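Notes for the one structure printed next.
These numbers come from a predicted model, not from an experiment.
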Amino acid sequence: ILDDPEPDQVLAAIRDLLVLRGVERGFIPLVEEGNLRGAYEASGFLDTSEGDKDVMDALHRGDVKVLVAGEGSIPPDDIPEGTFLVISEPHPSVLDDRADVIFPSAVFTEEDGHFTSLDGRERKLAKAADPPGMAMPDWMITAGLARVMGACGFEHGSSEEVHREMAKAISLFPGKERPSFPSRRE
């Protein structure tokens, strides 16, 4: 579905077919990446006018000297030699051998927060267990890095505070216009 150039239209057509058949529930598209739609919509919170393409172009030109990446977010071969790589991940990955710094992050069952399903519904996430050892939620890692780098506005005390700030700035929440969901082909 997400490989189609118009994934929103495909999802709407499938939903319409289910309704015509009298099925109110029962369609759950599965994707490799969890919270894919929320991650896409949250990118509007960042100052990236052209999105991932510009970041990758800058990386390949050698303009990026320090890269902070999450688990599975970029293939190791796409990271030029000499780039200082900081990763945040809950499990060992192919980026480990390439990383200069690795922050152990919590998995979704070890942190409170929110996620957005593919159909655009926001859901609250409740922590089921504490993260092991030094692992932390990604929002804490990001805020800590930002503070160390001298950035202001990262004094959040909880994921709920992060959520409230994001709600003010992006279209994740009811009453705000949502961007269309991108195709993986774009």
Side-chain angles (χ1 to χ4, degrees), residues 1-2 7-8 11 15 25 27-48 51-52 55 66-75 85-96 99 101-184 186:
I1 292 171
L2 297 179
D8 277 336
L11 289 171
R15 187 176 49 247
R25 298 171 195 236
F27 174 66
I28 303 173
L30 300 176
V31 294
E32 186 177 338
E33 306 86 359
N35 196 25
L36 185 62
R37 183 169 190 132
Y40 168 71
E41 289 183 347
S43 70
F45 185 70
L46 306 173
D47 188 14
T48 56
D52 292 343
V55 173
V66 177
L67 178 65
V68 179
E71 177 185 23
S73 60
I74 187 167
L85 178 62
V86 178
I87 59 174
S88 168
E89 59 185 13
H91 308 289
S93 78
V94 295
L95 289 177
D96 289 0
V101 176
I102 301 173
F103 288 104
S105 63
V107 296
F108 78 97
T109 57
E110 299 167 344
E111 59 184 306
D112 292 320
H114 295 82
F115 70 95
T116 304
S117 60
L118 275 178
D119 64 359
R121 286 189 264 179
E122 182 196 5
R123 307 289 182 156
K124 192 168 178 119
L125 190 63
K127 177 171 79 167
D130 290 326
M134 296 174 24
M136 292 185 266
D138 285 315
W139 72 266
M140 287 179 143
I141 295 168
T142 303
L145 280 171
R147 285 192 305 271
V148 166
M149 293 170 42
C152 297
F154 288 88
E155 293 76 28
H156 307 99
S158 69
S159 64
E160 199 58 43
E161 286 180 29
V162 174
H163 180 258
R164 280 194 298 272
E165 184 172 327
M166 289 178 72
K168 292 179 197 172
I170 62 174
S171 63
L172 267 174
F173 308 102
K176 294 192 176 185
E177 188 175 323
R178 302 177 105 78
S180 61
F181 194 55
S183 164
R184 288 185 181 177
E186 292 176 0

Note, F103 side chain near I87 side chain (heavy atom, < 4.5 Å): no
- prompt: Does a side-chain heavy-atom distance below 4.5 Å link S105 with I141?
  reply: yes
Which pair of non-hydrogen atoms, one from [X] and one from [Y], has the smallest distance, and what is that distance?
X    : Y    : result
F108 : L125 : O-CD2, 3.6 Å
E111 : P137 : OE1-CB, 3.2 Å
E110 : P132 : OE2-CD, 3.4 Å

task: Could you go through the side-chain contact (heavy atoms from CB on, under 4.5 Å) check for D96 and I102 one step at a time?
output: CA-CA 7 Å; D96 289 0; I102 301 173; 3.9 Å; yes
query: V107 and H91: side-chain contact (heavy atoms from CB on, under 4.5 Å), yes or no, with the steps?
result: CA-CA 9 Å; V107 296; H91 308 289; 3.6 Å; yes
message: Donor-acceptor pair, distance only, cut-off 3.5 Å: does the side chain of E165 make one with the backbone of V162?
response: no
Backbone N/O of S159 and side chain of E161: donor-acceptor pair under 3.5 Å: no
query: Out of curiosity, F154 CZ to T142 OG1, how far, rounded to the nearest 0.5 Å?
result: 8.0 Å
- request: Assign the ring pair H156 / W139 to parallel, tilted or perpendicular, where the plane angle (0 to 90°) is split at 30° and 60°.
  value: perpendicular
statement: Applied to residues 127-144, the salt bridge (Lys or Arg N to Asp or Glu O under 4.0 Å) test, sequence neighbours excluded, yields K127-D130
message: With side-chain contact (heavy atoms from CB on, under 4.5 Å) as the criterion, how do V68 and L145 come out once you've worked through the C-alpha distance, each side chain's angles and the decisive distance to 0.1 Å?
response: CA-CA 10 Å; V68 179; L145 280 171; 4.1 Å; yes
